[in-house]
Structures are given as C-alpha cells and as structure tokens.
Amino acid sequence: MSDPVNNPKHYTSHPSGVECIDITEHMGFNLGNAMKYIWRADLKNNAIEDLEKARWYIERELSLRARRSPE
C-alpha cells in the first residue's frame, strides 16, 4: 500500500533506484531543495513547475552567497 506522506511514489521511482533524500540531506537547505525539485521533475505531473521551484531555490542561494562574499 502506498503511503503518500512518508513514501509517495515519486520519492522512490527515479530510474537510478536512489531516493533523493539520500543525496540532499548532505547539502544545504536551498541547494538540497533545488536538487529535490530537479530530481523529481519528470516523476510528477508538472515538470515546468518543479523546475521553476528549483530555480527559485538556486536564485535564493546565489543571493545569500553574494551577500556573504567580500567585494
């Protein structure tokens, strides 16, 4: 039986057999979320929306890094 909270189908259906969280838990929040949306983009119904969400997290990470970077 599928568990839509703890084990939805798109979490484990990547062709590699790897679950996304096994990779992203070793990344920072923004990069991990961007990776999550890229990883699952073609496993859900709306790849464009997921890629836009990934872009949002990447842009946020770039902004944070730019503010921390010395000029």
Side-chain angles (χ1 to χ4, degrees):
M1 178 179 236
S2 179
D3 179 348
V5 174
N6 297 301
N7 195 18
K9 184 178 178 185
H10 65 272
Y11 278 22
T12 57
S13 59
H14 192 270
S16 69
V18 175
E19 190 168 342
C20 185
I21 196 169
D22 293 333
I23 305 299
T24 61
E25 67 187 357
H26 302 285
M27 305 171 88
F29 182 79
N30 289 323
L31 295 180
N33 275 324
M35 179 67 139
K36 172 184 74 171
Y37 283 113
I38 292 166
W39 187 279
R40 299 176 185 161
D42 291 324
L43 304 176
K44 294 166 56 183
N45 294 329
N46 193 337
I48 298 295
E49 182 177 286
D50 280 346
L51 294 173
E52 288 172 347
K53 289 177 183 179
R55 177 174 43 195
W56 188 90
Y57 281 106
I58 292 168
E59 288 174 355
R60 184 168 177 84
E61 184 67 20
L62 287 167
S63 176
L64 289 172
R65 290 182 184 213
R67 283 187 265 157
R68 287 188 225 138
S69 175
E71 301 269 335

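As a basis for the values below, the full set of heavy atoms in this structure was taken, side chains included, without hydrogen atoms, waters or symmetry mates.
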**Prompt:** Can you find a heavy atom in the side chain of S63 that is under 4.5 Å from one in the side chain of E59?
**Reply:** no

**Asked** Out of curiosity, S16 OG to D22 CG, how far, rounded to the nearest 0.5 Å?
**Response** 9.5 Å

**Request:** Locate the shortest heavy-atom distance separating A41 from D50; write the atom from each residue and the value.
**Result:** CA-OD2, 3.7 Å

**Request:** Measure the spacing between NE2 of H26 and CG of L31 and express it to the nearest 0.5 Å.
**Result:** 14.5 Å

**Asked** In terms of heavy-atom contacts, does CD1 of I21 have more than 12 from other residues, nucleotides or ligands at under 6.0 Å?
**Response** no

**Prompt:** Measuring from M27:CE to K36:NZ, what's the distance to the nearest 0.5 Å?
**Reply:** 12.5 Å

**Message:** Ignoring hydrogens, what is the shortest heavy-atom contact between T24 and G32? Give both atom names and the distance.
**Reply:** CG2-O, 3.3 Å

**Prompt:** What's the shortest heavy-atom distance between W39 and V18, and which atoms?
**Reply:** CZ2-O, 3.5 Å

**Request:** Please list, chain by chain and in numerical order, all residues satisfying side chain to side chain contact (heavy atoms under 4.5 Å, CB included) with N46, sequence neighbours excluded.
**Result:** I48, E49

**Item:** Non-neighbouring partners of R68 that pass salt bridge (Lys or Arg N to Asp or Glu O under 4.0 Å), sequence neighbours left out
**Value:** none

**Prompt:** In the hydrophobic clustering (ILVMFWY, side-chain contacts below 4.5 Å, transitive), which residues join Y37, or is it alone?
**Reply:** F29, W56, Y57

